[in-house]
Number of protein chains: 2
Amino acid sequence: MTNIREIARLAGVSVSTVSRVLNEHPYVREEKRRRVLAAVEELNYIKNANAVHLSKGKTYCIGVVIPFLNLPYFGEVLQGIAGEALKHGYHLKIFQTNYEKEAELDAFHRLRMKEVDGLILASRANSLEALQPFMEGTNVVFCENLSGVEKKVFINHYEAVRTAMDHLHSKGHKDIGLCIHRTFGTNSEERVRGFFDGAEAAGYKIQDGWIFNDCISLQDGREVVGQWESLGERPSALIVTSDQVSAGIVSQAGRKGISIPDELAILSFDNHPISEVFDITSFDVPIRQLGEEAFKLFLKEEPSSPVILETTLFERKTM
Amino acid sequence: MTNIREIARLAGVSVSTVSRVLNEHPYVREEKRRRVLAAVEELNYIKNANAVHLSKGKTYCIGVVIPFLNLPYFGEVLQGIAGEALKHGYHLKIFQTNYEKEAELDAFHRLRMKEVDGLILASRANSLEALQPFMEGTNVVFCENLSGVEKKVFINHYEAVRTAMDHLHSKGHKDIGLCIHRTFGTNSEERVRGFFDGAEAAGYKIQDGWIFNDCISLQDGREVVGQWESLGERPSALIVTSDQVSAGIVSQAGRKGISIPDELAILSFDNHPISEVFDITSFDVPIRQLGEEAFKLFLKEEPSSPVILETTLFERKTM
DNA sequence: GTGAAAGCGCTAACAT
DNA sequence: ATGTTAGCGCTTTCAC
């Protein structure tokens, strides 16, 4: 492997001059610059990134902590982060966790080892307390409304669900259920909080069994329909936190002859293209923007206030 | 930042002993090992990954060259690579290209800079000739049947499309169209080749306008229906290379009162969950396995023969 | 403008 | 078993 010293020798200059040329620093006489460039060409020189990283104490690489790579939601977040990162000359290193705490902690370890310059947590498995010992002096961005952290960007899920409740209320619904991905995690908790607050404000009663957990995929949505059918008292409307799930519900309802929205209204989230295909009324959630803002927060030096992203209702035919 | 030398000093040993302890090498007396570990604890020492990378000439990181992150196909490939990589202590660095040649070349540059130990090309924008100058002595895996490269894994698209043609033939179809993502790229070319070979073998005639390009999303599928309708002579069946597109077609056909499969049969690819929802007959394509095999090829030292993955038909109701 | 030299922090061959 | 030392390859301060 040819290095900067060999270039210097061949060009008849010092290594610092070579370094200056390579990094486009000023104060190099044109003739020497040319000699260096010629030597680089002749020896087929490529600079070693790891040496640069070590010397600079920086890698221009950001770690993304993410549970899965094959879900539309996370794909869109990634796309947002990657697009913004590219603009600033950064690359992404993926730390896929499957929501395993160990895997998540490993990402923090890598951060402390300076393998990456910072971390974006697209979703989180560990408690903040478990993470805190590894966070001092680091640059970590959270994609949730987590109190006690400096950098965060999140969708205003609480407000969105409350708005959803209001909308259903105005359509005459009083028996409302909720389909949700998981019950832990700030984003989910905020949704659930909005759900109960909304119910209380409107004087609804929420029945046991009207909250459906672990709903993330099309298949999960199809199964919800069966569960809904087997209920004694059934909600007349469902707030569903993913268009994938909603699509599963709508499709399965179609097969079973359940009329939507007459027998069951659906108010969904994401405004994913699939919601258009199924004519599902859905809140647009700026997921890609979430990723973009997360990266911008990473770049920020000074502490900045949380970035809050709002949702927008797209009315179609399931409510 | 505390380094290995400080640890050595505090523990009263040499740096090599510290290194041995840290890397679990043998031949360290238990007492010294303990002293080192105590010093590590006391100074809160974390080893610097970049120094290790530089010294070892290895990063345990593999680059993945990929056009988009938010498409189901590529999400699944990523998931496959990441899962296998994790097993072997590797991480993924993402080089998102949007199919821009420059961005793709940049990935090769990073490889030569030793920023990553190898590259997996999930999909390719440059010609092999354009890439070749940057490939000597490197470890690159292609996810396509590209002649002239050492490491490759690919789906047998040719055979799959030929089988598809046979199936449609046996159902009485003679006018067959093709929906495809793009026309360049080996995978697409193989499909097109299978399409024309199949037609020729069965004595079909393929009309102009029966090949629909740029079909990748749900929305694209919906638009295909309009194009199909405006055709003078229409194919009675469509081979569609993505379930997303098929779902768009089926859904749009439903709205327009076009009967599937009577007026238009659909034979799709991927066996994505969405094909189950829409009851679409689809070839299962082992996409995740593609990713896994790609990573295994990366690890292989000796040259190995291409890995060829076959598809499996799942019959449902669109044919 | 240019060069010498001191890092950056770790690994591993060699000597003992 | 353990220590010494020469790398790995680049950046950057300081002096001229």
Side-chain angles (χ1 to χ4, degrees), chain A residues 1-40 43-61 89 109-117 137, chain B residues 1-40 43-61 89 109-117 137:
Chain A
M1 195 83 290
T2 138
N3 62 27
I4 205 178
R5 249 179 304 272
E6 290 186 41
I7 301 295
R9 199 179 312 140
L10 179 59
V13 301
S14 74
V15 291
S16 39
T17 297
V18 176
S19 179
R20 288 194 187 94
V21 172
L22 259 29
N23 295 292
E24 317 199 36
H25 286 178
Y27 307 128
V28 178
R29 206 181 299 156
E30 190 51 30
E31 187 227 333
K32 297 209 172 186
R33 147 173 265 98
R34 251 193 270 284
R35 289 220 307 269
V36 168
L37 260 18
V40 164
L43 298 183
N44 243 302
Y45 167 79
I46 307 279
K47 90 157 93 169
N48 183 306
N50 297 125
V52 177
H53 295 165
L54 173 60
S55 188
K56 289 201 142 150
K58 232 179 151 210
T59 61
Y60 291 95
C61 180
H109 189 227
R110 303 303 181 127
L111 173 61
R112 282 150 43 100
M113 289 176 76
K114 306 220 172 255
E115 205 171 302
V116 291
D117 296 346
Chain B
M1 196 83 288
T2 137
N3 62 27
I4 204 177
R5 249 180 305 271
E6 290 186 42
I7 301 295
R9 199 179 314 142
L10 180 59
V13 300
S14 74
V15 291
S16 44
T17 296
V18 176
S19 178
R20 287 194 189 95
V21 172
L22 260 28
N23 296 293
E24 317 199 34
H25 286 178
Y27 307 129
V28 179
R29 206 181 300 158
E30 191 51 30
E31 187 227 334
K32 297 210 172 189
R33 145 173 266 97
R34 250 194 270 284
R35 290 219 307 268
V36 168
L37 260 18
V40 164
L43 297 184
N44 243 302
Y45 168 79
I46 307 279
K47 91 156 94 169
N48 183 306
N50 296 126
V52 177
H53 294 165
L54 173 60
S55 188
K56 290 201 139 147
K58 232 182 149 205
T59 61
Y60 291 95
C61 180
H109 189 228
R110 303 303 181 127
L111 173 61
R112 280 149 45 98
M113 290 175 75
K114 306 220 173 255
E115 205 173 301
V116 291
D117 296 346

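Every chain is numbered from 1, with letters handed out A, B, ... down the list of sequences. Side-chain atoms are counted along with the backbone in the values below, which use heavy atoms only and exclude waters and symmetry mates.
Here SG of B/Cys61 is found 9.5 Å from CG of A/Asn50. Values are rounded to the nearest 0.5 Å. Rounding to the nearest 0.5 Å places NE2 of A/His53 at 6.5 Å from CE of B/Met113. For the atom pair A/Leu54 CG and B/Ser55 OG, the distance stands at 10.0 Å (nearest 0.5 Å).
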*For A/Thr2 and A/Asn44, what are the C-alpha separation, side-chain angles and deciding distance, and is it a side chain to side chain contact (heavy atoms under 4.5 Å, CB included)?*
CA-CA 8 Å; A/Thr2 138; A/Asn44 243 302; 5.6 Å; no
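Axis orientation changes by 30° from one end of the helix from C/dG1-D/dC16 to C/dT16-D/dA1 to the other, with each end axis drawn from 5 pairs and the value rounded to 10°.
One interatomic measurement links the two molecules: CD of A/Glu24 to P of D/dT11, which rounds to 12 Å at whole-angstrom precision.
Checking side-chain atoms of B/Asp117 against main-chain N and O of B/Tyr60 turns up a donor-acceptor pair under 3.5 Å. The backbone N or O of A/Glu6 sits less than 3.5 Å from a side-chain atom of A/Asn3, completing a donor-acceptor pair.
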*What one-letter contact string describes nucleotides 6-15 of chain C from 5' to 3', where B marks a base within less than 4.0 Å of any protein heavy atom, S marks contact via sugar-phosphate atoms alone, and - marks no contact?*
-BBBBBB---
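For the contact set between residues 27-38 of chain B and DNA chain C, defined by any heavy atom under 4.0 Å, there are no members.
Shown here are the salt bridge (Lys or Arg N to Asp or Glu O under 4.0 Å) partners of B/Arg110, two or more places apart in sequence or in another chain: B/Asp106, B/Glu115. Residues forming a salt bridge (Lys or Arg N to Asp or Glu O under 4.0 Å) with A/Glu24 (at least two apart in sequence, or on another chain): none.
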For residues 15-23 of chain A, tabulate all N or O donor-acceptor pairs below 3.5 Å that involve a side-chain atom, not counting sequence neighbours.
residue	atom	partner	partner atom	Å
A/Ser16	OG	A/Ser14	OG	2.9
A/Thr17	OG1	A/Ser14	OG	3.3
A/Ser19	OG	A/Asn23	ND2	3.3
A/Asn23	OD1	A/Lys47	NZ	2.9
A/Asn23	ND2	A/Ser19	O	2.8

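Taking 4.0 angstrom as the limit, A/Ser14 places none of its side-chain polar atoms (N or O) nearer than this to OP1 or OP2 of C/dT2.
With contacts defined as side-chain heavy-atom distances shorter than 4.5 Å, the pair B/Val36/B/Arg33 does not qualify.
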